[in-house]
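Worksheet: the structure to be examined is printed underneath.
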Amino acid sequence: MQTIQANNYPIYFNEKGYEALNSFLNESKYSNLFIIVDNNTNEFCLSRFLPFLETNLTIEIVEFEAGEPNKNIETCVQIWNVLTELGADRKSLIINVGGGVVTDLGGFVASTFKRGIDFIHIPTTLLSMVDASVGGKTGVDLGNLKNQIGVINVPKMVLIDTQYLETLSKKEMRSGLAEMLKHGLIYDATYWGKFLDLKAIDFADFDELIYRSVEIKNEIVTQDPTEKNIRKALNFGHTLGHAIESYFLENENKESLLHGEAIAIGMILESFISLEKGLITPDEYHQIKSTIKTIYDDVVFEESDIEPILELLIHDKKNEYGNIQFALIDGIGKIMINQSVENELILKAFEDYKS
Ligand SMILES: NC(=O)c1ccc[n+]([C@@H]2O[C@H](COP(=O)([O-])OP(=O)(O)OC[C@H]3O[C@@H](n4cnc5c(N)ncnc54)[C@H](O)[C@@H]3O)[C@@H](O)[C@H]2O)c1
Ligand SMILES: [Zn+2]
């Protein structure tokens with residue numbers, strides 16, 4: 001598969017990536033190398049990754065406990081301390097091997113350590129391959145506020161090796177799939193069409209689907225790296241999805257949702273809003289709703305859940321001047337950004353989701 005060129009960094013695929021990584025390490029003058037992992041990627045991914053590495057640099061593995069609740073500043077402080085103790089300096093390189101939690105947090109740790117050192121992403125979940133590792137957003141959560149603290153800063157390279165997915169659970173695969181569906185809905189109707197009959201997808205074709213998804217994300221981000229306009233398209237499903245995700249994360253009586261599971265609900269709700277605004281047809285809406293509902297279990301929303309979810313929306317960083325702004329689809333494969341939506345319509349969307 002061809003290398004994809006992003007703004008200032010290449011995205012390599014599969015084995016070719018390791019050759020590129022080794023040449024990069026041999027040509028660059030790094031002082032030492034730190035590999036950031038969580039306990040799962042330490043267990044499942046380093047046994048594949050380390051044998052590919054050909055370098056004389058000293059390598060230190062820095063591990064933290066897996067999971068979104070650890071994507072916070074306390075974990076960063078621990079890692080900054082470890083880096084300091086182990087002699088990291090301005091010429092150290094960080095390689096993040098993991099899912100979106102590792103790439104977001106590791107990218108942020110690198111971007112802030114000694115005012116910024118170089119880093120590379122090796123995404124190991126579907127979600128981080130098609131989404132989190134591309135586009136330069138790094139950061140951590142603040143309490144239950146997702147990605148409240150962070151910077152935009154690009155890696156030196158991204159290496160996508162789909163072999164890592166072999167050990168990933170079905171649930172996590174489904175979570176990543178949500179972002180792929182999103183890429184189709186906002187940018188490429190033909191691509192969306194490939195997901196209408198999931199049973200027909202051959203796993204051998206899956207690499208191609210991942211590749212196209214990365215291409216779409218990269219095309220959008222390259223046009224608008226700092227999210228002034230078109231990059232907001234990627235927020236489709238996320239305005240409500242993030243609020244739902246935060247609500248389920250903070251509520252002890254609820255089982256928390258994976259990012260993609262929350263986004264899947266957000267995409268149904270926001271498609272309903274698109275329908276009500278006359279942007280998509282009833283047929284398009286029903287196709288979206290039924291396709292997503294076949295893949296993801298229904299989530300129950302009580303009457304008392306909706307108000308706190310709306311409250312959380314206000315904290316969403318995409319809201320400028322207190323206005324809740326949505327990216328809505330304008331037909332499948334096209335997007336319309338900066339759409340205001342009244343609360344009433346949001347409530348109606350939740351009602352429809354339940355039906
Ligand atoms: N920066 C961005 O643009 C961007 C975009 C989308 C999402 N994100 C962020 O990404 C995060 C979600 O990423 P995620 O879904 O990858 O979650 P994650 O990093 O928590 O990974 C999910 C789980 O899978 C485990 N895991 C990772 N790779 C594995 C493998 N190969 N085999 C077995 N287990 C493995 C992890 O340890 C974890 O338990 C969220 O914090 C979200 O905010 C960032
Ligand atoms: Zn997302």
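Note that the structure is predicted; figures quoted are calculated from it, not measured. Just so you know, ligand 1 is whichever comes first in the structure, and atom 1 is the first atom listed for that ligand.
Between Arg48 and Glu15, at least one side-chain nitrogen of the basic residue sits less than 4.0 Å from a carboxylate oxygen of the acidic one, meeting the salt-bridge criterion. The pair Asp305-Lys254 counts as a salt bridge, with a side-chain nitrogen and a carboxylate oxygen less than 4.0 angstrom apart. A salt bridge does not link Lys348 to Glu351: none of the charged nitrogens lies less than 4.0 Å from a carboxylate oxygen. Between Glu227 and Lys232 there is no salt bridge, since none of the side-chain N atoms of the basic residue sits less than 4.0 Å from a carboxylate O of the acidic one. Using a 4.0 Å cut-off between a side-chain N of Lys or Arg and a carboxylate O of Asp or Glu, Lys146 and Glu245 qualify as a salt bridge. Salt bridge annotation for Glu179-Lys182: present, with a cationic side-chain nitrogen under 4.0 angstrom from a carboxylate oxygen. The residues Asp131 and Lys217 are annotated as salt-bridged, a charged nitrogen and a carboxylate oxygen being separated by less than 4.0 angstrom.
Closest to atom 27 (C) of ligand 1 among all protein heavy atoms lies Thr125 CG2, 3.3 Å. The protein atom (non-hydrogen) at minimum distance from atom 7 (C) of ligand 1 is Leu127 CD2, 3.6 Å. From the protein, the heavy atom lying nearest to atom 44 (C) of ligand 1 is Asp104 OD2, 3.2 Å. Of the protein's heavy atoms, Ala132 CA, 3.4 Å lies nearest to atom 4 (C) of ligand 1. In terms of protein heavy-atom proximity, atom 40 (C) of ligand 1 is nearest to Glu68 OE1, 3.2 Å.
Of the possible donor and acceptor atoms, none in the side chain of Tyr164 sits under 3.5 Å from a partner among the backbone N and O of Phe44.
Counting the atoms of ligand 1 from 1 in the order shown, those under 4.0 Å from a heavy atom of Lys146 are 40 (C), 41 (O), 42 (C), 43 (O). Ligand 1 places these atoms under 4.0 Å from at least one heavy atom of Asp38: 36 (C), 37 (O). Interface atoms of ligand 1 facing Thr41, defined by a heavy-atom separation under 4.0 Å, are 27 (C), 28 (N). Interface of Glu172 with ligand 1, defined as ligand atoms under 4.0 Å from a residue heavy atom, comprises 22 (C), 23 (C). Of all atoms in ligand 1, numbered sequentially from 1 with element shown, those under 4.0 Å from a heavy atom of Tyr164 are 30 (C), 31 (N). For ligand 1, the atoms sitting less than 4.0 Å from at least one non-hydrogen atom of Asp131 are 5 (C), 6 (C), numbered in the order shown with element in parentheses. The contact set between ligand 1 and Asn147, taken as ligand atoms under 4.0 Å from a residue heavy atom, comprises 43 (O). Heavy-atom proximity to Lys71, at under 4.0 Å, picks out these atoms of ligand 1: 9 (C), 40 (C), 41 (O), 42 (C), 43 (O).
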- Query: Are Asp205 and Lys194 close enough, and set up right, to give a salt bridge (charged side-chain N to carboxylate O under 4.0 Å, His left out), and what steps lead you there?
  - Reply: CA-CA 11 Å; Asp205 297 336; Lys194 297 190 194 243; over 6 Å; no
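The OE2 atom of Glu179 and the NE2 atom of His259 meet at the Zn ion (ligand 2) at an angle of about 90°, given to 10°.
No donor-acceptor contact under 3.5 angstrom links the side chains of Asn338 and Asn229, judged on distance only. Remark: the His183 side chain and the Ser213 side chain contain an N/O donor-acceptor pair separated by less than 3.5 Å. Of the N and O atoms on the side chains of Gln5 and Asn218, not one donor lies less than 3.5 Å from an acceptor on the other residue. A donor atom on one side chain and an acceptor atom on the other are found under 3.5 Å apart for Ser92 and Asn32.
By the 3.5 Å distance cut-off applied to N or O atoms, Asn40 is counted among the residues near ligand 1. For ligand 1, the polar-atom distance check finds an N/O of Gly100 within less than 3.5 Å of one of the ligand's N/O atoms. Remark: ligand 1 and His259 share no N or O pair separated by less than 3.5 Å (distance only, no angle test). Remark: ligand 1 and Val101 share an N or O pair separated by less than 3.5 Å (distance only, no angle test). Considering backbone and side-chain N/O of Thr167, one or more are found under 3.5 Å from N/O of ligand 1. For a threshold of 3.5 Å applied to N or O pairs, the pair formed by Thr124 and ligand 1 contains at least one separation below that value.
Contacts with ligand 1 closer than 4.0 Å are made by no heavy atom of Asp141, backbone or side chain. When non-hydrogen atoms are compared, ligand 1 lies under 4.0 Å from the side chain of Ala66 (C-beta onward) but not from its backbone. Of the heavy atoms in Glu166, none comes closer than 4.0 Å to ligand 1. With a 4.0 Å heavy-atom cut-off, ligand 1 is reached by no atom of Thr138. At a heavy-atom distance under 4.0 Å, only side-chain atoms of Lys217, from C-beta outward, approach ligand 1. The side chain of Cys45, and not its backbone, has at least one atom closer than 4.0 Å to an atom of ligand 1 (non-hydrogen atoms only; side chain from C-beta on).
For Asp297, the CG atom sits in a loose shell: 12 or fewer heavy atoms of surrounding residues, nucleotides or ligands are nearer than 6.0 Å.
The atom of His238 that is an N, O or S and sits closest to the Zn ion (ligand 2) is NE2.
When the heavy-atom distances from atom 24 (O) of ligand 1 to Ile263, Leu168, Val134 are ranked, the shortest goes to Leu168.
Taking the ring centroids of His121 and Phe119, they lie under the 6.0 Å cut-off. You'll find the ring centres of Phe301 and Tyr247 outside the 6.0 Å limit.
Note on ligand 1: Gly98 sits outside its first shell, no heavy atom being nearer than 4.0 Å.
Ring-plane geometry between Tyr285 and Phe272 is classed as perpendicular, the angle between the planes exceeding 60 degrees on a 0 to 90 degree scale with a lower cut at 30.
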